[in-house]
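What follows is a set of notes on a single structure, which appears directly below.
Treat the numbers as computed from the prediction; the structure is a model and nothing was measured. Heavy atoms only: backbone and side chains are in, while hydrogens, waters and symmetry mates are out. Read the numbers this way: they start at 1 and go in the same order the structure lists the ligands and their atoms.
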Amino acid sequence: MHVLLVEDDLPLAESVAGAMRAQGWRADISSRGEPVPASLRQDAYDVLVLDIGLPGIDGLETLRRVREQGSTLPVLMLTARDAVGDRVRGLEGGADDYLVKPFALDELLARLRALARRHELRRSQTLVLSALRFDAVARRAYVGEQPVPLSARECIVLQYMMLKTGQLLPREQLTGLIPGWEPGASDNALELLMSRLRAKVEPAGVRLRTVRGLGYLLEPAADA
Ligand code: CA
């Protein structure tokens with residue numbers, strides 16, 4: 001992960017960047033918004049963290065300029081506790097998520113991972129596993145030529161699992177992809193979603209395995 005962190009509170013920026021580097025991420029800090037559009041053109045970042053209150057142009061104007069140059073990079077805005085209007089304007093201006101200060105570092109890192117994963121999903125096109133095909137542009141799945149009816153949540157989960165075929169995917173990684181998933185939702189809710197999905201996709205010669213206590217894995221069926 002390569003992160004650009006735009007924050008004028010330098011002690012805060014350093015501590016956030018330190019936590020990112022401890023995860024093995026690359027983190028660059030900018031204390032102002034003006035250079036951000038040019039930085040994004042020069043370097044391949046995976047995600048942008050943008051404080052709203054900045055000297056010079058603020059985070060909202062920075063975001064506007066970033067989107068104006070056609071960048072689809074995931075953006076997480078940092079906002080002050082009471083600035084509800086800023087949050088709304090940020091999301092309307094094309095931010096993907098926001099976090100209210102003060103925040104827990106772990107929460108920020110988890111949100112950024114989820115944003116980067118969703119971005120990766122948007123970039124993938126057609127995924128194929130055995131007779132199962134997922135068209136990422138149309139957001140539809142097929143078994144052979146037969147469309148598979150999927151709920152919005154099943155669709156997101158299946159697409160990600162097809163992208164990560166053969167990899168054990170922890171529950172939190174999957175639930176983190178689902179917009180509006182309650183962090184406290186029971187494991188049963190995910191298991192229910194998975195069993196519905198399993199029934200729909202396994203006729204295509206794939207196997208959706210539950211690895212108890214760990215997560216889920218999508219692979220070709222042994223006899224496929
Ligand atoms: Ca600030």
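When distances from the Ca ion (ligand 1) to the N, O or S atoms of D8 are compared, OD1 comes out shortest. As for D51, its N/O/S atom nearest the Ca ion (ligand 1) is the one called OD2.
Residue contact annotation: D9 places no N/O/S atom under 3.0 Å from the Ca ion (ligand 1). Note on G53: counted as a metal contact of the Ca ion (ligand 1), an N/O/S atom lying under 3.0 Å.
With respect to M162, the side-chain contact (heavy atoms from CB on, under 4.5 Å) criterion is satisfied by exactly one of V206, L129, V201: L129.
Ion pairing between a basic and an acidic side chain is recognised when a charged N comes within 4.0 Å of a carboxylate O; E154 and K200 show such pairing.
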key: Check against side chain to side chain donor-acceptor pair (under 3.5 Å), D86 and Y98   = CA-CA 10 Å; D86 280 352; Y98 68 87; over 6 Å; no
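At a cut-off of 3.5 Å, with distance as the only test, no side-chain donor of Q173 or Y216 sits close to an acceptor on the other residue.
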